[in-house]
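Pasting a structure here, questions to come.
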Amino acid sequence: MALGPRLDLRQSQSLVMTPQLQQAIKLLALSNLEIEAFVAGELEKNPLLESGGGDDGFAAPDGIDREVEAPALAAEAGAADSLIGQGMGEADAPLDVDYGAETFIDDGPGDRMTASATGAGSGGMDLAGGSGEAVDFDSFANPETGLYEHLMDQARARLSGMDLLIATQLIGQIDEAGYLEANLLQTAHGLGVPLFDVERVLGVIHGFDPTGVGARSLAECLALQAKEADRYDPCIQRLLANLDLLAKGALPQLRRICGVDEEDMADMIRELRGYDPKPGLRFSTDQAAPVTPDLFVRKTAAGWSIEVNGATLPRVLINRSYYVELAGGAQDKASKAWLADCLASANWLVKALDQRQKTIIKVASEIVKQQEAFFRHGVAHLKPMTLKAVADAIEMHESTVSRVTSNKYLSCARGLYELKYFFSSGVAASDGDGAVSAEAVKSHIKALISAEEPHAILSDDTLVDLLRAKGMDIARRTVAKYRESMGIGSSVQRRRQKALQGRAA
């Protein structure tokens, strides 16, 4: 057989992930706030895109296509907007209010704007500050200072020179709870000063407000507060030196070490409970960012209403008139190609946002349908559900449902929940009929432990029997796993805790 080159033509099928398809898949996993940031970046890059501000669906004479956007969920425009749209805005006269009258009550800094700022007068009056500038709303922000600034103000008032430098180094290594994380020997070596001077400055910091700041351990923090309250006697000192025994509930051994009776021990424990173990947190200015829901679920007469949060969902429009204006001008080949790419990218973004919203609504509707008992009666009626079950019901891929339910929250009458919350494993029912969600089992365990009496602490075996009586076939190790995941201690730990609370009460 002779060897030689030849040409072959073959046909094959393959799945190609285009960049636009990859981006559309990524959009599914983003929340509304993340989508808003993404769209803001696209608006900066693409001149044919505009953010939609109107809620109506009619075509405007300026050539902006108001139909090419995500489905509008807002209500129709009010009567005032209709009058303004018809050129009858002058009929909407302002209220007859005398802003200069003494009886006029303003509710905030925005209400103190004068006639010159609102265009309602001709006196050229300034705002309340008299500087001729607009109201600085940033000045109304939280004026509270942090722990570092609070301690430094006290250090500058009491120390100077090298002592102030040492204090600055130490205060900079105090965490938000008020505990010192510095190594005194290393600090002294780094500053080139004797260790005695560092310890002396630290003693000064221990006298700063809040009491207990700068401590290197919990025992030292509580000791500083006991000294401030003039309660640091030898008994309290021995108790603070054995806090590990107090945590274990070894009260008889503690009484022998401290040399006190049961009544005095109860008073000492009550005294310790009144101290602040993290004194620095009262100066913490960090605030947890509130979670913004992506979906709203409401009960209506016809069933359940599911809406996308339009307040955070961006509205994107394509300015067709601007495209026609640019396309009609003199352009070279590269400019025409760039303009065509901008139009294609704009069309793709609008369609991708539309498809994303429809997919989210479709998945959320199926979740509400399968978990209707939860929305009606609470977490005890939450059913086990998997991504595959939802995907099969709406005829989508399981990975699509996983992306849709990521980083998205649902707001209903029972609270705010992440969409992933409704997917949980199941526990077999004792009667063999169906299964119970793991979240529902955790809810029952928490309710049973919350209702237990101090003299009748429920063990894990007892919890298993009580749950089986409720129709949940669950093993003891599963009860222990669920209990630990909720941060609930064992029966021995709960018995000791309730005994301490009873003696300190």
Side-chain angles (χ1 to χ4, degrees), residues 144-155 167 170-184 187 198-199 201-255 257-258 260 262-288 449-450 454 484-490 492-505:
E144 296 181 0
T145 58
L147 177 63
Y148 177 80
E149 292 81 3
H150 182 69
L151 295 178
M152 284 303 302
D153 290 341
Q154 300 177 73
L170 295 177
I171 293 175
Q173 300 182 71
I174 294 178
D175 62 12
E176 61 179 5
Y179 287 89
L180 180 65
E181 298 177 338
N183 184 298
L184 299 186
T187 302
V198 178
E199 294 176 344
V201 173
L202 179 59
V204 177
I205 295 177
H206 285 166
F208 288 175
D209 177 70
T211 305
V213 71
R216 289 158 289 183
S217 64
L218 175 61
E220 186 177 13
C221 178
L222 298 178
L224 292 173
Q225 298 180 58
K227 293 177 181 178
E228 179 69 18
D230 197 18
R231 288 277 295 171
Y232 193 66
D233 51 33
C235 297
I236 287 287
Q237 185 175 359
R238 287 191 288 268
L239 176 61
L240 292 177
N242 296 275
L243 288 179
D244 55 336
L245 297 178
L246 181 61
K248 296 178 182 179
L251 297 184
Q253 185 176 355
L254 274 177
R255 288 197 297 269
I257 294 175
C258 298
V260 296
E262 185 174 353
E263 183 178 356
D264 290 338
M265 177 59 65
D267 291 338
M268 294 165 61
I269 295 176
R270 189 183 303 109
E271 180 74 21
L272 292 184
R273 289 183 180 275
Y275 297 155
D276 187 359
K278 297 180 179 181
L281 291 184
R282 70 184 70 173
F283 292 91
S284 176
T285 57
D286 296 335
Q287 296 181 355
I449 293 178
S450 300
E484 292 174 357
S485 66
M486 293 185 292
I488 301 176
S490 64
V492 176
Q493 293 173 334
R494 300 198 305 275
R495 184 177 294 107
R496 289 175 177 174
Q497 183 178 7
K498 291 183 181 295
L500 290 176
Q501 293 176 351
R503 289 185 175 93

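Quick caveat, the model's predicted, so the values are computed rather than measured. Numbers for residues simply follow the sequence, beginning at 1.
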Identify every side-chain donor-acceptor pair in residues 235-251 under 3.5 Å, counting partners at least two apart or on other chains, and give the distances.
from: R238; atom 1: NE; to: I257; atom 2: O; distance (Å): 3.1
from: R238; atom 1: NH2; to: C258; atom 2: O; distance (Å): 3.0
from: N242; atom 1: ND2; to: R238; atom 2: O; distance (Å): 2.7

Compile the donor-acceptor pairs under 3.5 Å between side chains in residues 222-230 and protein atoms, sequence neighbours left out, one pair per line.
from: Q225; atom 1: OE1; to: D276; atom 2: N; distance (Å): 2.9
from: Q225; atom 1: NE2; to: D276; atom 2: O; distance (Å): 2.6

Quick check for you: to the nearest 0.5 Å, what is the distance between R282 atom CZ and L147 atom CG?
10.0 Å
Which value, rounded to the nearest 0.5 Å, describes the distance between I171 atom CD1 and F208 atom CZ?
5.5 Å
Roughly how far, to the nearest 0.5 Å, is OH of Y179 from CD of E220?
9.5 Å
For the backbone of L180 and the side chain of R216, can you confirm whether one donor and one acceptor N or O come within less than 3.5 Å of each other?
no
Side chains of C221 and V213: does their closest heavy-atom pair fall under 4.5 Å?
no
Rounded distance [0.5 Å steps], CG in D264 versus CD in E262
10.5 Å
Can you find a pair of side-chain heavy atoms, one from Q173 and one from T187, that are under 4.5 Å apart?
yes
Could you tell me whether the side chain of H150 and the main chain of D209 form a donor-acceptor pair under 3.5 Å?
yes
For the backbone of R231 and the side chain of E271, can you confirm whether one donor and one acceptor N or O come within less than 3.5 Å of each other?
no
Atom CD1 in I174, atom CD in E181: separation rounded to 0.5 Å?
9.5 Å
Separation of D175 CG from L281 CG (nearest 0.5 Å):
8.5 Å
